[in-house]
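A quick write-up on the structure given underneath.
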Protein chains: 2
Amino acid sequence: MEEYYPLLMSTSLFRGISLQGVQELVGCFKPQVKRFRKGEILLLFGYESHDVGILLEGQADGIKNTPDGAEVLITHLGPGDIFGDVLSGSSLKSPVTILARTDCIAVFFPYDKIIHPCQSLHFCHTQLMQNLVATISEKYFALNRRVDLLILKSLRAKLCTWLLEEAARQGKDTFSITLNRAGLADYLNCERSALSRELNRMQNEGLIELYKSSFKLLDKAALANQAAH
Amino acid sequence: MEEYYPLLMSTSLFRGISLQGVQELVGCFKPQVKRFRKGEILLLFGYESHDVGILLEGQADGIKNTPDGAEVLITHLGPGDIFGDVLSGSSLKSPVTILARTDCIAVFFPYDKIIHPCQSLHFCHTQLMQNLVATISEKYFALNRRVDLLILKSLRAKLCTWLLEEAARQGKDTFSITLNRAGLADYLNCERSALSRELNRMQNEGLIELYKSSFKLLDKAALANQAAH
DNA sequence: GCAAAAGCGTTGCATTGGCAACAAGGAAAC
DNA sequence: GTTTCCTTGTTGCCAATGCAACGCTTTTGC
């Protein structure tokens, strides 16, 4: 477990906590480390869970099955990403399945240990609880941004908004993304073909420049303007 | 303040906490009680806040301004409803404005007092922290359900899904709602006219029965079936 | 009690974007 | 090296639905 302390310290759950603090907390919580083979399930849709999971190694996806049996990608997880946090403190069922895309190692912290300050009242425990709340809140805000995108009426507006946000997030006007076209279409809730068509139009209009999965914003003012329509 | 203890005990933040516990916590936190006149602002869009608010009296709305200046209703709050909770533990700006629709009284609990177990280690404090996490998580899940609705492709599917969920939530197949047509159209992200048109069609097809803002589900199997398309 | 505003339904029209089908290039599997 | 699959682009067609306009009814404000 020790080898993962630096990774833990870089996660949103342990940020601001010293190495010593992490050691104390891990010693106190006795979290379980589990290995998963590619294709195995870390967290199953429709079940309760009262553990906060952190992916230590490998890649996993949060997926959901639509009524007609198709599989929708919700999130992608890499080392250091947290899962099950929103779920662990509620009595609700998981809205997603977390599926290992490669062999994975994850560690599971029992929620009730996190939320109960123990006798020894570790100084860092308060920080951990704050971090838990902040982590969940951030997921709420991320979802909220997605809702803001989804309620835009035109695909053009969605794309403009998304491009500007992504540029701001990456801090540059030329950027590339990991999502492929189908994934982006899912995220924006549109057809892949319609997405291609619209990106093409925007390129022709001189708003953006495309090369594979990299984007270059040429006219941010126009983009911002069209984001409102 | 004492007069509101029963109301507090019925909120999601204080549920499961005894009257004595509420007294201890209130005594310890010294929350501020504020009065607002109709039209005044309880929480302003774009600002940080580190208080958890509970509406004690009156009615308030969570609203957001669209780029083109219009006002979109996000939530409606009545006595006992919590606001600012998701915000208080993060360093982000409020995505909404909370606006008093009538004269209001609200109480504000400082987040850092909630999250820091104090010296006297009140037994009920742990419960309160759990409740805070659960309250935020519930808001996340509510938003998540909305996303699930929004990504459905057809208005018919959205309506079927929403009707079934609402019936389940209210525990009966005949129910009425507080949202008006425009509000429901907003929630489902469609045109008010299109909503009317579709509801009418569904009534003609014998799926539902309408009377003003009350709905009667006549064929839940068919509704469930069409929710998938 | 009256005027103004809000809520709801209705309809015609124009457009968006969903759907299906196909092609081409590149990556992966064998 | 060959085959298969995956990803992306492209295009025609058309149904769903956004938009605008109007009228009726109910509610609110004065």
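This one's a predicted model, so the numbers in the text were calculated from it and none came from an experiment. Proteins come first, then strands; the chains are lettered A, B, ... in the order of their sequence lines, and each starts at number 1.
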Task: the helix from C:dG1-D:dC30 to C:dC30-D:dG1: angle between end helix axes, five pairs per end, rounded to 10 degrees - done: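 Axis angle across the helix from C:dG1-D:dC30 to C:dC30-D:dG1, nearest 10°: 70°.
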Open item on the list: What range of DNA chain C does chain B touch, first nucleotide to last, counting atoms under 4.0 Å from its heavy atoms?
Closed with: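 Listing 5' to 3', DNA chain C meets chain B from C:dG7 to C:dG12.
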Can you check the [X] [atom1] to [N] [atom2] distance for me, whole Å?
| X | N | atom1 | atom2 | value |
| --- | --- | --- | --- | --- |
| B:Leu155 | D:dA15 | CG | P | 17 Å |
| B:Asn189 | D:dG18 | CG | P | 8 Å |
| A:Glu191 | D:dT10 | CD | C1' | 14 Å |
| A:Arg197 | D:dG9 | CZ | P | 13 Å |
| B:Leu152 | D:dT17 | CG | P | 11 Å |
| B:Lys158 | D:dA16 | NZ | P | 14 Å |
| B:Asn200 | D:dT17 | CG | C1' | 16 Å |
| B:Leu195 | D:dA16 | CG | P | 16 Å |

- [ ] Quick one: label A:Ser193 by what it contacts on the DNA or RNA (base, sugar-phosphate, nothing), any heavy atom closer than 4.0 Å.
- [x]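 A:Ser193: base contact, heavy atoms under 4.0 Å.
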- [ ] Using a 4.0 Å heavy-atom cut-off across all strands, classify B:Arg156 as base, sugar-phosphate, or nothing.
- [x]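 Since no nucleic acid heavy atom lies under 4.0 Å of B:Arg156, the category is nothing.
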Open item on the list: Looking at A:Ser193, is its backbone amide N or carbonyl O close enough to the side chain of A:Ser196 to form a donor-acceptor pair, meaning the two atoms are under 3.5 Å apart?
Closed with: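 Such a contact is absent between A:Ser196 side chain and A:Ser193 backbone.
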Task: Cationic N near anionic O, under 4.0 Å, A:Lys172 to A:Glu166 - done: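 So A:Lys172 does not pair with A:Glu166 through a salt bridge.
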Task: A:Asp186 bridged to A:Arg192 by N-O distance under 4.0 Å - done: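 Judged by the 4.0 Å cut-off on N to carboxylate O distance, A:Asp186 and A:Arg192 do not form a salt bridge.
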Of the non-hydrogen atoms in [X] and [Y], which two are nearest, and what is the gap between them?
| X | Y | result |
| --- | --- | --- |
| A:Lys34 | A:Phe108 | CD-CE1, 4.0 Å |
| A:Thr102 | A:Gly58 | OG1-CA, 3.4 Å |
| A:Ile82 | A:Ser12 | CG1-OG, 3.8 Å |
| A:Ala222 | A:Leu207 | CB-CD2, 3.4 Å |

Task: Nucleotide of D:dT17, D:dG18, D:dG9 approaching A:Ser196 most closely (side-chain heavy atoms) - done: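 The nucleotide sitting nearest to the side chain is D:dG9.
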Task: Upstream residue (5' side of DNA chain C) when A:Arg192 and A:Ser154 are each assigned their closest nucleotide - done: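 Closer to the 5' end of DNA chain C: A:Ser154.
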Task: B:Gln59: which of B:Arg101, B:Lys38, B:His76 passes side chain to side chain donor-acceptor pair (under 3.5 Å) - done: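 Considering B:Arg101, B:Lys38, B:His76, a side chain to side chain donor-acceptor pair (under 3.5 Å) with B:Gln59 is found only for B:His76.
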Open item on the list: Ring centroids only, cut at 6.0 angstrom: are B:Phe14 and B:Phe109 within range, meaning strictly under it?
Closed with: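 Centroid distance B:Phe14-B:Phe109: below 6.0 Å, so yes.
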